[in-house]
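The chains referred to below are lettered A, B, ... by the order of the sequence lines, with proteins before strands, and numbering in each begins at 1. Computed over heavy atoms, backbone and side chain alike; hydrogens, waters and symmetry mates excluded.
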Protein chains: 4
Amino acid sequence: MAPRTEQQFEEIRESKKALILDKALELFATEGYYPTSISKIAEKAGISKGLIYNYFESKEDIIITIIHKGLDDLFRIFDPNKDGVLTKDEIRFFIEQMFDIMRKDLHFWKLYFMIFMQPPVLKLVEKKFMELIQASLNMLTNHFMSEGYDDPQTEAILLGALLDGTGFHYVMNPENFPVERIKERIIKMYC
Amino acid sequence: MAPRTEQQFEEIRESKKALILDKALELFATEGYYPTSISKIAEKAGISKGLIYNYFESKEDIIITIIHKGLDDLFRIFDPNKDGVLTKDEIRFFIEQMFDIMRKDLHFWKLYFMIFMQPPVLKLVEKKFMELIQASLNMLTNHFMSEGYDDPQTEAILLGALLDGTGFHYVMNPENFPVERIKERIIKMYC
Amino acid sequence: MAPRTEQQFEEIRESKKALILDKALELFATEGYYPTSISKIAEKAGISKGLIYNYFESKEDIIITIIHKGLDDLFRIFDPNKDGVLTKDEIRFFIEQMFDIMRKDLHFWKLYFMIFMQPPVLKLVEKKFMELIQASLNMLTNHFMSEGYDDPQTEAILLGALLDGTGFHYVMNPENFPVERIKERIIKMYC
Amino acid sequence: MAPRTEQQFEEIRESKKALILDKALELFATEGYYPTSISKIAEKAGISKGLIYNYFESKEDIIITIIHKGLDDLFRIFDPNKDGVLTKDEIRFFIEQMFDIMRKDLHFWKLYFMIFMQPPVLKLVEKKFMELIQASLNMLTNHFMSEGYDDPQTEAILLGALLDGTGFHYVMNPENFPVERIKERIIKMYC
DNA sequence: TATGAATGAGACTTCATTCAT
DNA sequence: TATGAATGAAGTCTCATTCAT
């Protein structure tokens, strides 16, 4: 019989890779990175342990891939038109959307906060992470500067911390978090 | 030499136990819980691996002890006169002191944030944790209610998130955090 | 296009088989038998892993084939007219040629010496190997007997060891081996 | 109960380490390096797999230790008074003794020849190996020079190859090797 | 109290081989 | 004939915990 075409292989590869990443993300987020073994990921994905190494070099490679992909997505959301400038509307939009975005991808967001507090995991993605955070802070600072704030940098750090703090609490316990009222309260503060 | 008295033994026990907890906290905070082996703790404490099991039942027991002790301390700080009521002055005092407190015990505070994001670790101390958080939120809510806020609960959650968020960023990178300006900014908001 | 004839298929088969054997030999000789994976052989031969199993039953089958083929070639060199009798001229010829022969096929000769020292590999080809060695020793013994040596068998064993020893050193480090002078020296001893 | 003294621990360590090295050498020599698993070594030594890692860093560490120790012993035998100079008597003595020495330590000598032909294993000990070989060749060359040979270097290489070749055959099949007659024959050549 | 040798379960990873296409 | 995804056994190694002294 004729062998599969290149494209067929590519499709298999892509879908299987996505499956592994998906199950790994779920397990990392619910059980933690270290307690999640390659075996568990394989089991959850319904494949053999060995196959995972056909797609990823190591367990580290899996989490790095997940985080890099997630951070790219995140950055796209934070500055949709990619101009490096935040308008008041973009901030309002971001605050209004962020909890929805988080809810849709709860696992990633758990992982997002998890990363900070796992020294060896943080080290794996530190560079990309710090770049992203710095870029966000700079954009917020510039925004507050153009809005005429007294101390735009402090304000940017404060807003950053507030968003992280609320995001964190939301992700930890989404059912009992008063999303709408928190949204309004933050928007009232800044817009 | 006279044999040691019962009390002397007890003192040795206590100081050794404290030593182990201290070194374990340091390692957990800097390297993470899972990557820190019992051997490393023993080495850092200058004792043998086996001895650790003379004082603690397991690795889990160590981290549980550390966290419980830390949470008790934390609670004492948050409500110094233990009356369950927060005055405006207590809040101002807390905000003014919290970064100093954190700086003095940076390792614990790293661990504090770490706990949330390590599901198996969180599970170990979940009950005590949730009680503390709920108690704090209730006190803040009551405070804002007595201050005549429209939506005291949302305000309490927001302040909680803000304190967590700023605390988190401070602990992550204390050198570059504008402590004084952030303090003032928060106090201006709430006092 | 006209369909390939049976014979054309056969030719493709043979040339592909030879390609696999060639690349496998190279890798076995330079990297060792165990560290060489089927994947590496396939990659080096520019074919897929699976195809190798179309031509060979197993990794063992590959090395057995290589060694058997090599031993057949070797035997042809050692006794060109296949009469089972070695003349003084044939010995001189063999000594004069052996280093050239080795240089042309360095990989096989590395493998030749490697075989002895890899018990599981040796076991695979032991029978053929021992037959060859015994036959060679017998021919040498007969030769020395006809030359009137006191102890022809010892002399045969000694020459065998000398040829193995010099061959071994040559193969290990062909650049720094004084081939010509060694040749002359051995010929002076025996011819 | 009082813990073991430092010396008691030292004794345990030394004897257990020797046991592991002994069993590992035996298996490496009879089964080969790669086919010998840590499990097999542990089983043969009657201990647990994990314990081996209490004494050695890795499987590589084990073979390196064995080979380095063996080479040190070998060098002591080859130049007993360690003066870097070989007399005719020392050579005669070496030739007379070498097969006895080999018989007593057959496993090591199999390993000795094995090393050359396992590229990754050779790499582990290459430096020490090459130094030893060069030193031996230099001593032999100096010897033949002082004996007035025409081409002392070639003679040294030839004797080296002869000793390796006979040693190799002896180790491969000690029962059927005419040790005494080979000894005499070599001594007749050189002394 | 104190030591560190010893265990054993389980982690990550590799790779010869099979198989659907 | 040809491909490479998929398997599963086995290998190396780690580490919390136990135990004899």
Side-chain angles (χ1 to χ4, degrees), chain A residues 1-6 8-13 15-17 34-42 46-60, chain B residues 4 9 12-13 16 34-42 47-62, chain C residues 4 9 12-13 16 34-42 47-62, chain D residues 1-6 8-13 15-17 34-42 46-62:
Chain A
M1 226 181 293
R4 288 190 186 87
T5 64
E6 187 117 340
Q8 281 173 312
F9 279 128
E10 192 57 30
E11 277 163 19
I12 291 173
R13 282 193 75 78
S15 75
K16 194 93 353 152
K17 214 167 166 173
Y34 288 101
T36 297
S37 68
I38 294 286
S39 293
K40 276 188 203 161
I41 298 172
I47 60 176
S48 72
K49 230 177 352 179
L51 187 58
I52 289 184
Y53 290 89
N54 212 320
Y55 295 97
F56 297 94
E57 305 225 322
S58 62
K59 196 180 163 186
E60 278 192 359
Chain B
R4 287 193 184 82
F9 271 124
I12 291 172
R13 261 195 88 77
K16 201 130 280 184
Y34 288 101
T36 297
S37 67
I38 293 285
S39 292
K40 273 191 208 159
I41 299 171
I47 60 174
S48 74
K49 231 177 353 184
L51 191 55
I52 288 184
Y53 287 87
N54 236 319
Y55 294 100
F56 297 94
E57 303 238 317
S58 64
K59 196 181 168 186
E60 278 192 357
D61 187 20
I62 296 175
Chain C
R4 287 195 184 82
F9 273 125
I12 292 172
R13 263 197 87 78
K16 200 129 279 182
Y34 289 101
T36 298
S37 67
I38 293 285
S39 292
K40 273 190 206 159
I41 298 171
I47 61 174
S48 73
K49 232 178 350 185
L51 191 55
I52 288 185
Y53 288 86
N54 237 318
Y55 295 100
F56 298 95
E57 304 238 318
S58 63
K59 195 180 168 187
E60 279 192 358
D61 187 20
I62 296 176
Chain D
M1 227 181 291
R4 288 188 186 88
T5 65
E6 186 117 339
Q8 280 173 313
F9 279 127
E10 192 58 29
E11 276 163 19
I12 291 174
R13 282 193 75 78
S15 75
K16 194 89 2 148
K17 212 167 168 174
Y34 288 101
T36 297
S37 67
I38 293 285
S39 292
K40 276 188 203 161
I41 298 172
I47 60 177
S48 72
K49 231 176 352 180
L51 188 58
I52 289 185
Y53 289 89
N54 212 321
Y55 294 99
F56 297 94
E57 304 225 322
S58 62
K59 196 180 163 186
E60 277 193 0
D61 187 20
I62 297 176

Asker: Under 4.0 Å from OP1 or OP2 of E:dT1: is there any side-chain N or O of B:Arg13 that close?
Answerer: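 True: B:Arg13 side-chain N/O within range (under 4.0 Å) of E:dT1 OP1/OP2.
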
Asker: Between E:dC12, E:dT17, F:dA6, which nucleotide gets closest to the side-chain atoms of A:Lys59?
Answerer: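 Looking only at heavy atoms from C-beta outward on A:Lys59, the closest nucleotide is E:dC12.
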
Asker: Report which part of the nucleic acid D:Ile12 touches: base, sugar-phosphate, or nothing (heavy-atom distance under 4.0 Å, all strands).
Answerer: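 Touches sugar-phosphate only.
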
Asker: If you measure from NZ on A:Lys17 to CD on A:Glu10, what distance do you get to the nearest 0.5 Å?
Answerer: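 Rounded to the nearest 0.5 Å, the NZ-CD separation comes out at 9.0 Å.
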
Asker: What nucleotide, of E:dA16, F:dT21, F:dT1, holds the atom closest to the side chain of C:Ser37?
Answerer: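 Per side-chain heavy atoms of C:Ser37, the pick is E:dA16.
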
Asker: Closest to the D:Ser48 side chain: F:dC13, E:dT3, E:dA6?
Answerer: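 When the side chain of D:Ser48 is considered, E:dA6 is the closest of F:dC13, E:dT3, E:dA6.
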
Asker: Could you state the CD1-P distance from A:Ile41 to E:dA11, rounded to the nearest angstrom?
Answerer: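 Answer to the nearest Å: 11 Å.
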
Asker: Between F:dC13 atom P and D:Ile38 atom CD1, what is the distance in whole Å?
Answerer: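 Interatomic distance, CD1 of D:Ile38 to P of F:dC13: 6 Å.
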
Asker: Ignoring backbone atoms, establish whether D:Arg4 has a side-chain N or O less than 4.0 Å from OP1 or OP2 of F:dA20.
Answerer: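 Indeed not, no polar side-chain atom of D:Arg4 lies that close.
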
Asker: Base, sugar-phosphate alone, or nothing: which one does D:Ser58 contact when heavy atoms must sit under 4.0 Å apart?
Answerer: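 Sugar-phosphate, backbone atoms only, no base.
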
Asker: Taking A:Glu11 for its side chain and A:Gln8 for its backbone only, find out whether a donor-acceptor pair lies under 3.5 Å.
Answerer: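 Not a single qualifying donor-acceptor pair exists.
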
Asker: Side chain of C:Tyr53: nearest nucleotide among E:dT17, E:dT21, F:dA5?
Answerer: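 From the listed options, E:dT17 comes nearest.
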
Asker: Of the options E:dA5, F:dA6, E:dA2, whose atoms approach the side-chain atoms of A:Asn54 most closely?
Answerer: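 Looking only at side-chain atoms, A:Asn54 lies closest to F:dA6.
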
Asker: Measure OH/A:Tyr55 against P/E:dC12 and give the value in whole Å, please.
Answerer: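 About 20 Å, once rounded to whole Å.
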
Asker: Could you identify the nucleotide paired to F:dT21, looking across every strand shown and requiring Watson-Crick or G-U wobble geometry with both distances under 3.5 Å?
Answerer: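 When the pairing criteria are applied, E:dA2 turns out to be the nucleotide that pairs with F:dT21.
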
Asker: When the distance from CG of B:Asp61 to C1' of F:dA16 is rounded to whole Å, what number comes out?
Answerer: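 It is 13 Å, rounded to the nearest whole Å.
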
Asker: Which whole-number value in Å describes the distance from D:Ile52 CD1 to F:dC15 C1'?
Answerer: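 Roughly 16 Å, once rounded to whole Å.
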
Asker: Provide, to the nearest angstrom, the distance between the CG atom belonging to C:Leu51 and the P atom belonging to F:dA5.
Answerer: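 In whole Å, F:dA5 P and C:Leu51 CG are 16 Å from each other.
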
Asker: Considering only side-chain heavy atoms of D:Lys49, which listed nucleotide, F:dA2, E:dA6, F:dC13, is closest?
Answerer: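 Of the options given, the side chain of D:Lys49 lies nearest F:dC13.
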
Asker: Figure out the CZ/P separation between C:Phe56 and F:dA2, and round it to whole Å.
Answerer: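 Taking CZ of C:Phe56 and P of F:dA2, I get 13 Å after rounding.
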
Asker: Taking all heavy atoms of D:Lys59 and all of D:Tyr34, pick out the closest pair and write down the distance.
Answerer: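 D:Lys59 and D:Tyr34 have their closest heavy atoms at NZ-O, 3.5 Å.
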
Asker: When you match A:Glu10 and A:Gly50 each to their closest nucleotide on DNA chain F, which lands nearer the 5' end?
Answerer: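 Result: A:Glu10.
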
Asker: May I ask which nucleotide in the shown strands pairs with E:dT13, Watson-Crick or G-U wobble, both distances under 3.5 Å?
Answerer: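 Across all strands, the one nucleotide that pairs with E:dT13 is F:dA10.
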
Asker: Could you check if a side-chain atom of A:Lys16 sits within less than 4.5 angstrom of a side-chain atom of A:Asn54, using non-hydrogen atoms only?
Answerer: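 Side chain of A:Lys16 against side chain of A:Asn54, heavy atoms only: no contact under 4.5 Å found.
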
Asker: State whether D:Lys40 places a side-chain N or O below 4.0 Å from either non-bridging phosphate oxygen (OP1 or OP2) of F:dG11.
Answerer: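 No.
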
Asker: Between D:Tyr53 and D:Ile38, what is the shortest heavy-atom contact and its length?
Answerer: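 Minimum heavy-atom separation between D:Tyr53 and D:Ile38: OH-CG1, 3.5 Å.
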
Asker: Have a look at D:Ser15 and say if it touches a base, only the backbone sugar-phosphate, or nothing, with a 4.0 Å heavy-atom cut-off.
Answerer: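 Result for D:Ser15 = nothing.
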
Asker: If you only use heavy atoms from C-beta on, which nucleotide in F:dA6, F:dA2, E:dA6 is closest to the side chain of C:Lys16?
Answerer: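 Closest of the options to the side chain of C:Lys16: F:dA2.
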
Asker: B:Tyr34 side chain N/O closer than 4.0 Å to the phosphate oxygens (OP1, OP2) of F:dC15?
Answerer: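 Answer no for this pair, as no side-chain N or O of B:Tyr34 is under 4.0 Å from OP1 or OP2.
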
Asker: Taking the minimum atom-to-atom distance to the side chain of A:Phe9, which one of E:dA6, F:dT3, E:dA2 wins?
Answerer: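 Among E:dA6, F:dT3, E:dA2, the one nearest the side chain of A:Phe9 is F:dT3.
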
Asker: Select from B:Pro35 and A:Ile47 the residue whose nearest nucleotide in DNA chain F is closer to the 5' end of that strand.
Answerer: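 By nearest-heavy-atom nucleotide position, the 5'-most residue is A:Ile47.
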
Asker: Starting at CD1 of C:Ile41, measure out to NZ of C:Lys49 and round the result to the nearest 0.5 Å.
Answerer: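 The NZ atom of C:Lys49 is 12.0 Å from CD1 of C:Ile41, to the nearest 0.5 Å.
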
